[in-house]
Amino acid sequence: AQSVAQPEDQVNVAEGNPLTVKCTYSVSGNPYLFWYVQYPNRGLQFLLKYITGDNLVKGSYGFEAEFNKSQTSFHLKKPSALVSDSALYFCAVRDLNNFNKFYFGSGTKLNVKP
Amino acid sequence: DGGITQSPKYLFRKEGQNVTLSCEQNLNHDAMYWYRQDPGQGLRLIYYSQIVNDFQKGDIAEGYSVSREKKESFPLTVTSAQKNPTAFYLCASMPGPGGELFFGEGSRLTVL
């Protein structure tokens with residue numbers, strides 16, 4: 001079965017410090033991985049994706065993610081957090097047998113404190 | 001501006017009533033999706049459609065119905081058979097294989 005896991009329900013970080021939101025995946029094959037952000041009562045916004053190529057993927061708003069095949073991880077990172085980064089973050093993996101299906105993690109709430 | 005429009009933003013329904021959520025996109029995407037979001041559970045796929053006049057059940061289709069008569073439109077009906085319909089509903093579209101999902105702003109349904 002294909003799935004993603006976000007082991008932390010919540011991450012707290014001070015403004016200006018680096019942040020990491022963790023994601024691990026389980027797929028049989030080469031994964032297509034995605035990160036999305038959601039602000040309260042809003043839809044999800046795409047941040048970045050990994051399909052192939054460089055293991056370090058750069059995305060929107062200064063976010064980046066590192067694909068690690070040996071650890072089956074795709075952690076989201078940002079060198080310096082902003083208060084406005086406070087939101088709910090979702091990791092997702094595409095079903096390799098059906099490109100129309102995505103498996104989403106349960107989400108991680110990021111709190112950035114001034 | 002191109003995007004996905006969902007309406008209404010908030011909807012209240014009495015038990016036993018059907019309700020239809022609208023989803024319109026002007027991105028010229030072929031594939032469209034409906035997801036349900038509950039706190040702490042991530043997103044679950046209800047239905048999806050790859051082309052006009054064709055759609056498939058997702059993981060939690062029971063109690064829901066859809067239609068795809070136009071490329072731009074993919075309405076979702078929450079029927080009285082859905083046992084726990086209170087949730088946040090998200091419509092999405094995708095430009096093609098390998099692409100990412102584009103989401104609307106969501107519709108929050110509350111059953112009174």
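Convention: sequence-line order gives letters A, B, ...; per-chain numbering from 1. Predicted model, so just to flag it, every value in this text is computed and none were measured.
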Treat each ILVMFWY residue as a node, draw an edge where side-chain heavy atoms are under 4.5 Å apart, and state whether [X] and [Y] are in one component.
X	Y	value
B:Leu21	B:Tyr48	no
B:Phe102	A:Phe90	no
A:Val112	A:Tyr39	yes
B:Met94	B:Tyr89	no
A:Val4	A:Phe63	yes

Practice item. Measure the spacing between OH of B:Tyr47 and CG of A:Asn100 and express it to the nearest 0.5 Å. Key: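 Nearest 0.5 Å value for the OH-CG distance: 15.0 Å.
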Review point. When rounded to the nearest 0.5 angstrom, what distance separates CG in A:Asn41 from CZ in B:Phe88?
Key: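 CZ of B:Phe88 is found 6.0 Å from CG of A:Asn41.
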With a sphere of 6.0 Å drawn around [atom1] of [X], does it hold more than 12 non-hydrogen atoms of other residues, nucleotides or ligands?
X	atom1	value
B:Lys14	NZ	no
A:Asn30	CG	no
B:Glu62	CD	no
B:Glu15	CD	no

Point to revise | Validation row: A:Tyr32, B:Glu100 side chains within 4.5 angstrom (heavy atoms) | key: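 A side-chain contact is absent here, since even the closest heavy-atom pair is not under 4.5 Å.
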Review point. Considering only heavy atoms, which portion of A:Ile51 lies under 4.5 Å from any heavy atom of chain B: side chain, backbone, both, or neither?
Key: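 The side chain, not the backbone.
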Review point. For A:Gln38, is it the side chain, the backbone, both or neither that has a heavy atom under 4.5 Å from a heavy atom of chain B?
Key: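 Only the side chain of A:Gln38 comes within 4.5 Å of chain B.
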**Study point:** Engaged part of B:Gln56 at the chain A interface, taking heavy atoms whose separation is under 4.5 Å
**Key:**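 Neither part.
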Practice item. Please state whether the side chain, the backbone, both or neither of B:Gln50 comes within less than 4.5 Å of a heavy atom of chain A. Key: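 Only the side chain of B:Gln50 comes within 4.5 Å of chain A.
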Exercise for review: Could you go through the side chain to side chain contact (heavy atoms under 4.5 Å, CB included) check for A:Arg42 and B:Leu90 one step at a time?
Suggested key: CA-CA 9 Å; A:Arg42 304 291 298 276; B:Leu90 288 158; over 6 Å; no
Exercise for review: Establish, yes or no, whether a centroid distance under 6.0 Å links the rings of A:Phe102 and B:Tyr35.
Suggested key: no
Study note, to complete from the structure: What one should report as the nearest heavy-atom pair of B:Gly40 and A:Ser106 is O-CB, 3.6 Å
Exercise for review: For A:Leu44 and B:Phe103, work out which heavy atoms get closest and say how close.
Suggested key: O-CB, 3.4 Å
Could you check whether any side-chain N or O of [X] sits under 3.5 Å from a backbone N or O of [Y], counting only pairs where one atom can act as donor and the other as acceptor?
X	Y	result
A:Lys101	B:Asp59	no
A:Tyr36	B:Leu101	yes
A:Arg94	B:Gly99	yes

Exercise for review: Would you check, one step at a time, whether the test side chain to side chain contact (heavy atoms under 4.5 Å, CB included) holds for A:Tyr103 with B:Leu45?
Suggested key: CA-CA 9 Å; A:Tyr103 298 98; B:Leu45 181 63; over 6 Å; no
